[in-house]
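A quick write-up on the structure given underneath.
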2 protein chains.
Amino acid sequence: MTTPLPNKPVRGSNSGIAIMAVFDLLGRKWNMRVMWELNTKALSFRELQAQCDGMSPSVLNARIKQLTEAKLVCRSQEGYKLTELGCSLMDTLNPLRNWAVEWEKKLRK
Amino acid sequence: MTTPLPNKPVRGSNSGIAIMAVFDLLGRKWNMRVMWELNTKALSFRELQAQCDGMSPSVLNARIKQLTEAKLVCRSQEGYKLTELGCSLMDTLNPLRNWAVEWEKKLRK
DNA sequence: AAAATCGCTACTTATTTAGTAGCATATCGT
DNA sequence: ACGATATGCTACTAAATAAGTAGCGATTTT
(Lines give C-alpha, C1' and ligand atoms only; values in the text may rest on other atoms or scores of the structure.)
Protein backbone atom coordinates (compact mmCIF):
# COMPACT_ATOMS: atom_id res chain seq x y z
CA MET A 1 0.00 0.00 0.00
CA THR A 2 2.06 2.87 -1.24
CA THR A 3 1.27 5.63 -3.77
CA PRO A 4 1.04 9.26 -2.76
CA LEU A 5 -1.75 11.43 -4.15
CA PRO A 6 -0.21 13.26 -7.12
CA ASN A 7 -0.93 10.67 -9.83
CA LYS A 8 -2.70 11.27 -13.10
CA PRO A 9 -4.54 8.59 -15.09
CA VAL A 10 -1.71 7.36 -17.31
CA ARG A 11 -3.56 4.42 -18.74
CA GLY A 12 -0.94 2.87 -20.96
CA SER A 13 -2.82 0.85 -23.57
CA ASN A 14 -5.07 3.74 -24.56
CA SER A 15 -7.80 1.14 -25.13
CA GLY A 16 -8.90 2.24 -21.72
CA ILE A 17 -9.81 5.66 -23.01
CA ALA A 18 -12.91 4.51 -24.83
CA ILE A 19 -14.40 2.82 -21.81
CA MET A 20 -13.89 5.97 -19.77
CA ALA A 21 -16.01 7.87 -22.26
CA VAL A 22 -18.67 5.22 -21.86
CA PHE A 23 -18.54 5.63 -18.10
CA ASP A 24 -18.99 9.35 -18.49
CA LEU A 25 -22.02 8.80 -20.66
CA LEU A 26 -23.74 5.98 -18.83
CA GLY A 27 -22.67 7.19 -15.43
CA ARG A 28 -25.07 10.03 -15.74
CA LYS A 29 -28.56 10.01 -14.42
CA TRP A 30 -31.24 9.04 -16.93
CA ASN A 31 -29.08 8.11 -19.88
CA MET A 32 -29.42 4.37 -19.44
CA ARG A 33 -33.04 4.68 -18.50
CA VAL A 34 -33.95 6.73 -21.53
CA MET A 35 -32.30 4.26 -23.85
CA TRP A 36 -33.90 1.39 -22.04
CA GLU A 37 -37.33 2.82 -22.67
CA LEU A 38 -36.55 3.52 -26.29
CA ASN A 39 -35.36 -0.03 -26.71
CA THR A 40 -38.97 -1.17 -26.63
CA LYS A 41 -40.22 1.26 -29.22
CA ALA A 42 -39.93 4.77 -30.58
CA LEU A 43 -41.50 7.39 -28.35
CA SER A 44 -42.44 11.01 -28.63
CA PHE A 45 -40.91 13.56 -26.29
CA ARG A 46 -43.82 13.53 -23.91
CA GLU A 47 -44.27 9.79 -24.04
CA LEU A 48 -40.64 9.36 -23.18
CA GLN A 49 -41.01 11.80 -20.35
CA ALA A 50 -43.99 9.88 -19.02
CA GLN A 51 -42.18 6.54 -19.25
CA CYS A 52 -39.33 8.02 -17.26
CA ASP A 53 -41.52 8.84 -14.28
CA GLY A 54 -42.19 12.34 -15.47
CA MET A 55 -38.58 13.45 -15.48
CA SER A 56 -38.27 17.16 -16.03
CA PRO A 57 -38.42 18.25 -19.66
CA SER A 58 -35.32 20.39 -19.38
CA VAL A 59 -33.24 17.42 -18.33
CA LEU A 60 -34.83 15.11 -20.84
CA ASN A 61 -34.01 17.60 -23.50
CA ALA A 62 -30.39 17.74 -22.41
CA ARG A 63 -30.14 13.95 -22.34
CA ILE A 64 -31.64 13.58 -25.78
CA LYS A 65 -29.15 16.08 -27.06
CA GLN A 66 -26.25 14.21 -25.52
CA LEU A 67 -27.43 10.81 -26.73
CA THR A 68 -28.03 12.20 -30.18
CA GLU A 69 -24.55 13.63 -30.39
CA ALA A 70 -23.27 10.26 -29.25
CA LYS A 71 -25.20 8.77 -32.17
CA LEU A 72 -27.11 6.42 -29.94
CA VAL A 73 -30.49 8.06 -30.43
CA CYS A 74 -32.07 9.87 -33.33
CA ARG A 75 -35.32 11.39 -34.34
CA SER A 76 -37.73 9.86 -36.78
CA GLN A 77 -41.31 10.10 -37.94
CA GLU A 78 -42.49 7.80 -35.12
CA GLY A 79 -40.60 9.80 -32.51
CA TYR A 80 -37.23 9.34 -30.85
CA LYS A 81 -35.62 5.98 -31.32
CA LEU A 82 -32.35 4.13 -30.92
CA THR A 83 -29.85 4.10 -33.74
CA GLU A 84 -28.16 0.86 -34.76
CA LEU A 85 -25.33 1.83 -32.49
CA GLY A 86 -27.78 2.49 -29.69
CA CYS A 87 -29.40 -0.88 -30.21
CA SER A 88 -26.02 -2.58 -30.10
CA LEU A 89 -25.31 -0.89 -26.80
CA MET A 90 -28.58 -2.08 -25.35
CA ASP A 91 -27.75 -5.55 -26.58
CA THR A 92 -24.46 -5.62 -24.76
CA LEU A 93 -26.21 -4.19 -21.74
CA ASN A 94 -28.98 -6.73 -21.87
CA PRO A 95 -27.42 -9.30 -19.51
CA LEU A 96 -27.74 -6.66 -16.83
CA ARG A 97 -31.42 -7.51 -16.66
CA ASN A 98 -30.77 -10.98 -15.33
CA TRP A 99 -27.89 -9.96 -13.19
CA ALA A 100 -30.18 -7.42 -11.58
CA VAL A 101 -32.69 -9.98 -10.36
CA GLU A 102 -29.96 -12.20 -8.95
CA TRP A 103 -28.47 -9.24 -7.21
CA GLU A 104 -31.78 -8.26 -5.69
CA LYS A 105 -32.26 -11.78 -4.34
CA LYS A 106 -28.90 -11.76 -2.60
CA LEU A 107 -29.48 -8.32 -1.21
CA ARG A 108 -32.64 -9.39 0.53
CA LYS A 109 -30.89 -12.27 2.25
CA MET B 1 -48.46 9.66 -30.37
CA THR B 2 -50.91 9.99 -27.53
CA THR B 3 -50.40 9.84 -23.77
CA PRO B 4 -50.80 12.90 -21.57
CA LEU B 5 -48.27 13.57 -18.85
CA PRO B 6 -49.81 12.13 -15.66
CA ASN B 7 -48.46 8.56 -15.95
CA LYS B 8 -46.51 6.66 -13.34
CA PRO B 9 -44.11 3.80 -14.12
CA VAL B 10 -46.50 0.85 -13.71
CA ARG B 11 -44.18 -1.80 -15.01
CA GLY B 12 -46.37 -4.86 -14.95
CA SER B 13 -43.96 -7.79 -14.65
CA ASN B 14 -42.15 -6.34 -11.64
CA SER B 15 -38.98 -7.87 -13.08
CA GLY B 16 -38.37 -4.36 -14.30
CA ILE B 17 -37.95 -3.09 -10.77
CA ALA B 18 -34.55 -4.70 -10.28
CA ILE B 19 -33.05 -3.13 -13.36
CA MET B 20 -34.25 0.28 -12.24
CA ALA B 21 -32.27 -0.12 -9.05
CA VAL B 22 -29.24 -0.99 -11.14
CA PHE B 23 -29.74 2.14 -13.19
CA ASP B 24 -29.87 4.19 -10.02
CA LEU B 25 -26.63 2.67 -8.87
CA LEU B 26 -24.63 2.66 -12.08
CA GLY B 27 -26.17 5.84 -13.36
CA ARG B 28 -24.25 7.72 -10.80
CA LYS B 29 -20.93 9.31 -11.36
CA TRP B 30 -17.90 7.23 -10.33
CA ASN B 31 -19.64 4.02 -9.33
CA MET B 32 -18.72 2.12 -12.47
CA ARG B 33 -15.28 3.63 -12.55
CA VAL B 34 -14.50 2.71 -8.98
CA MET B 35 -15.53 -0.87 -9.54
CA TRP B 36 -13.61 -0.97 -12.78
CA GLU B 37 -10.43 0.01 -10.99
CA LEU B 38 -11.02 -2.48 -8.23
CA ASN B 39 -11.55 -5.19 -10.79
CA THR B 40 -7.83 -5.21 -11.44
CA LYS B 41 -6.80 -5.50 -7.82
CA ALA B 42 -7.58 -4.45 -4.30
CA LEU B 43 -6.66 -0.85 -3.54
CA SER B 44 -6.31 1.32 -0.49
CA PHE B 45 -8.43 4.43 -0.13
CA ARG B 46 -5.79 6.76 -1.45
CA GLU B 47 -4.67 4.42 -4.17
CA LEU B 48 -8.23 4.19 -5.36
CA GLN B 49 -8.52 7.93 -5.24
CA ALA B 50 -5.37 8.30 -7.33
CA GLN B 51 -6.56 5.75 -9.89
CA CYS B 52 -9.78 7.70 -10.25
CA ASP B 53 -8.00 10.88 -11.33
CA GLY B 54 -7.87 12.24 -7.82
CA MET B 55 -11.60 12.27 -7.26
CA SER B 56 -12.50 14.08 -4.09
CA PRO B 57 -12.23 11.98 -0.95
CA SER B 58 -15.66 12.98 0.27
CA VAL B 59 -17.28 11.61 -2.85
CA LEU B 60 -15.11 8.52 -2.88
CA ASN B 61 -16.13 7.89 0.67
CA ALA B 62 -19.80 8.19 -0.24
CA ARG B 63 -19.41 5.85 -3.21
CA ILE B 64 -17.59 3.25 -1.19
CA LYS B 65 -20.36 3.39 1.35
CA GLN B 66 -23.01 2.92 -1.31
CA LEU B 67 -21.19 0.11 -3.07
CA THR B 68 -20.55 -1.59 0.24
CA GLU B 69 -24.21 -1.45 1.19
CA ALA B 70 -24.98 -2.86 -2.23
CA LYS B 71 -22.60 -5.72 -1.38
CA LEU B 72 -20.50 -5.10 -4.45
CA VAL B 73 -17.42 -3.90 -2.61
CA CYS B 74 -15.94 -4.78 0.75
CA ARG B 75 -12.91 -4.06 2.82
CA SER B 76 -10.07 -6.48 3.40
CA GLN B 77 -6.53 -6.63 4.59
CA GLU B 78 -5.21 -5.66 1.15
CA GLY B 79 -7.60 -2.75 0.84
CA TYR B 80 -10.97 -2.31 -0.80
CA LYS B 81 -11.95 -5.01 -3.23
CA LEU B 82 -14.88 -6.39 -5.17
CA THR B 83 -17.11 -9.00 -3.62
CA GLU B 84 -18.16 -12.06 -5.62
CA LEU B 85 -21.28 -10.18 -6.53
CA GLY B 86 -19.23 -7.21 -7.58
CA CYS B 87 -17.02 -9.41 -9.75
CA SER B 88 -20.05 -10.93 -11.39
CA LEU B 89 -21.31 -7.46 -12.22
CA MET B 90 -18.01 -6.53 -13.79
CA ASP B 91 -18.15 -9.74 -15.75
CA THR B 92 -21.52 -8.92 -17.23
CA LEU B 93 -20.27 -5.42 -17.89
CA ASN B 94 -17.12 -6.63 -19.55
CA PRO B 95 -18.43 -6.65 -23.15
CA LEU B 96 -18.76 -2.89 -22.78
CA ARG B 97 -15.03 -2.68 -23.25
CA ASN B 98 -15.19 -3.90 -26.81
CA TRP B 99 -18.36 -2.06 -27.60
CA ALA B 100 -16.65 1.11 -26.46
CA VAL B 101 -13.85 0.90 -29.01
CA GLU B 102 -16.29 0.17 -31.85
CA TRP B 103 -18.38 3.10 -30.76
CA GLU B 104 -15.40 5.41 -30.71
CA LYS B 105 -14.47 4.38 -34.23
CA LYS B 106 -17.90 5.18 -35.57
CA LEU B 107 -18.02 8.46 -33.73
CA ARG B 108 -14.87 9.68 -35.43
CA LYS B 109 -16.28 8.93 -38.87
C1' DA C 1 -62.27 29.20 -34.51
C1' DA C 2 -61.68 27.30 -29.94
C1' DA C 3 -59.55 23.83 -27.38
C1' DA C 4 -56.22 20.55 -26.71
C1' DT C 5 -51.68 18.61 -27.51
C1' DC C 6 -47.21 18.91 -29.05
C1' DG C 7 -41.96 19.75 -28.54
C1' DC C 8 -39.39 22.55 -26.18
C1' DT C 9 -37.31 26.80 -23.57
C1' DA C 10 -36.72 29.77 -19.44
C1' DC C 11 -36.51 30.24 -15.16
C1' DT C 12 -35.86 28.97 -9.77
C1' DT C 13 -34.91 25.69 -6.30
C1' DA C 14 -32.96 21.41 -4.58
C1' DT C 15 -29.53 17.84 -4.80
C1' DT C 16 -25.14 16.10 -6.08
C1' DT C 17 -20.25 16.53 -6.97
C1' DA C 18 -15.72 19.09 -6.74
C1' DG C 19 -12.19 20.94 -4.11
C1' DT C 20 -9.50 21.96 -0.15
C1' DA C 21 -7.98 21.74 4.65
C1' DG C 22 -7.01 19.12 8.28
C1' DC C 23 -7.54 15.65 12.30
C1' DA C 24 -6.62 11.24 14.51
C1' DT C 25 -4.17 7.06 14.11
C1' DA C 26 -0.53 4.21 12.40
C1' DT C 27 4.09 3.37 10.61
C1' DC C 28 8.95 4.60 9.85
C1' DG C 29 13.71 5.99 10.36
C1' DT C 30 17.06 7.50 13.68
C1' DA D 1 11.44 7.73 22.21
C1' DC D 2 10.86 11.27 18.70
C1' DG D 3 9.70 13.63 14.86
C1' DA D 4 8.50 12.92 10.03
C1' DT D 5 5.53 10.94 6.90
C1' DA D 6 1.45 8.39 5.31
C1' DT D 7 -3.16 6.68 5.96
C1' DG D 8 -8.31 6.70 6.18
C1' DC D 9 -11.50 9.78 6.55
C1' DT D 10 -14.53 14.05 7.99
C1' DA D 11 -15.97 19.03 7.50
C1' DC D 12 -16.84 22.65 5.08
C1' DT D 13 -17.60 25.76 0.78
C1' DA D 14 -18.12 26.31 -4.11
C1' DA D 15 -19.50 24.65 -8.53
C1' DA D 16 -22.26 21.73 -11.43
C1' DT D 17 -26.29 19.03 -12.38
C1' DA D 18 -31.12 17.70 -11.81
C1' DA D 19 -35.97 18.78 -10.28
C1' DG D 20 -39.92 21.43 -10.80
C1' DT D 21 -43.05 24.73 -12.79
C1' DA D 22 -44.85 27.97 -16.17
C1' DG D 23 -45.65 28.92 -20.59
C1' DC D 24 -44.72 29.98 -25.76
C1' DG D 25 -45.32 29.03 -30.65
C1' DA D 26 -46.80 25.40 -33.69
C1' DT D 27 -49.88 21.72 -35.03
C1' DT D 28 -53.81 18.88 -34.61
C1' DT D 29 -58.58 17.87 -33.08
C1' DT D 30 -63.41 19.07 -32.44
Side-chain angles (χ1 to χ4, degrees), chain A residues 1-9 20-38 41-70 72-83, chain B residues 1-9 20-38 41-70 72-83:
Chain A
M1 289 209 215
T2 10
T3 311
L5 234 177
N7 260 352
K8 277 272 156 177
M20 294 301 151
V22 174
F23 290 161
D24 281 351
L25 193 79
L26 301 186
R28 198 153 185 183
K29 202 169 179 181
W30 293 117
N31 272 341
M32 283 176 134
R33 173 69 177 272
V34 165
M35 297 188 73
W36 187 262
E37 300 297 344
L38 290 180
K41 62 168 190 146
L43 295 169
S44 73
F45 189 94
R46 274 164 127 120
E47 281 175 323
L48 192 47
Q49 187 186 9
Q51 286 298 317
C52 294
D53 305 350
M55 73 181 281
S56 84
S58 43
V59 177
L60 177 53
N61 190 29
R63 287 297 149 287
I64 287 176
K65 225 169 253 170
Q66 183 175 29
L67 291 172
T68 300
E69 279 165 15
L72 300 174
V73 163
C74 66
R75 226 181 155 166
S76 73
Q77 202 55 39
E78 326 99 85
Y80 293 102
K81 67 175 184 182
L82 296 183
T83 62
Chain B
M1 290 213 213
T2 10
T3 312
L5 235 176
N7 259 354
K8 276 273 158 174
M20 294 300 151
V22 173
F23 290 160
D24 281 351
L25 193 79
L26 300 187
R28 200 153 184 183
K29 203 167 176 181
W30 292 117
N31 272 342
M32 282 176 135
R33 172 70 178 272
V34 164
M35 296 188 73
W36 187 264
E37 300 297 345
L38 290 181
K41 62 169 193 145
L43 295 169
S44 73
F45 189 95
R46 272 163 129 121
E47 281 175 323
L48 192 46
Q49 187 186 8
Q51 286 298 317
C52 294
D53 304 350
M55 73 181 280
S56 83
S58 43
V59 177
L60 177 53
N61 191 29
R63 289 297 153 284
I64 287 175
K65 226 169 249 171
Q66 184 176 27
L67 292 172
T68 300
E69 279 165 15
L72 299 174
V73 163
C74 66
R75 226 179 157 170
S76 73
Q77 202 54 39
E78 326 100 87
Y80 293 104
K81 66 175 185 182
L82 296 182
T83 62

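Fair warning: this is a prediction, and the values are worked out from it, not measured in the lab.
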Looking at the side chain of [X], which of [options] is the nearest nucleotide?
X       : options               : result
B/Pro57 : C/dC8, C/dA21, C/dG7  : C/dA21
B/Arg63 : D/dT21, D/dG8, C/dT17 : C/dT17
A/Ser58 : D/dC9, D/dT10, D/dG20 : D/dG20

Length of the line joining [X]:[atom1] and [N]:[atom2], which is rounded to integer Å:
X       : N      : atom1 : atom2 : answer
A/Met55 : C/dT9  : CE    : P     : 14 Å
A/Lys65 : C/dC8  : NZ    : P     : 9 Å
A/Gln66 : D/dA18 : CD    : C1'   : 13 Å
B/Ile64 : D/dG8  : CD1   : P     : 9 Å
A/Gln77 : C/dG7  : CD    : P     : 12 Å
B/Arg46 : D/dA6  : CZ    : P     : 9 Å
A/Leu60 : C/dT9  : CG    : C1'   : 13 Å
A/Gln49 : C/dT9  : CD    : C1'   : 13 Å

Cationic N near anionic O, under 4.0 Å, A/Arg33 to A/Glu37: yes
So, under a plain 3.5 Å distance rule, would you say the side chain of A/Ser44 forms a donor-acceptor pair with the base of C/dG7?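 Absent.
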Looking at [X] and [Y], what are the two nearest heavy atoms and their distance?
X       : Y       : answer
A/Ala42 : A/Glu47 : O-OE1, 4.5 Å
A/Met35 : A/Leu72 : CE-CB, 3.7 Å
A/Leu38 : A/Tyr80 : CD2-O, 3.4 Å

Closest-nucleotide ordering on DNA chain C, the 5'-leading residue of A/Asn61 and B/Lys29: A/Asn61
Verify the contact: side-chain N or O of [X] to OP1 or OP2 of [N], cut-off strictly under 4.0 Å; return yes or no.
X       : N      : answer
A/Tyr80 : C/dC6  : no
B/Arg28 : D/dT17 : no
B/Trp30 : C/dA18 : yes

Is the shortest side-chain heavy-atom distance between A/Lys29 and A/Met55 below 4.5 Å? no
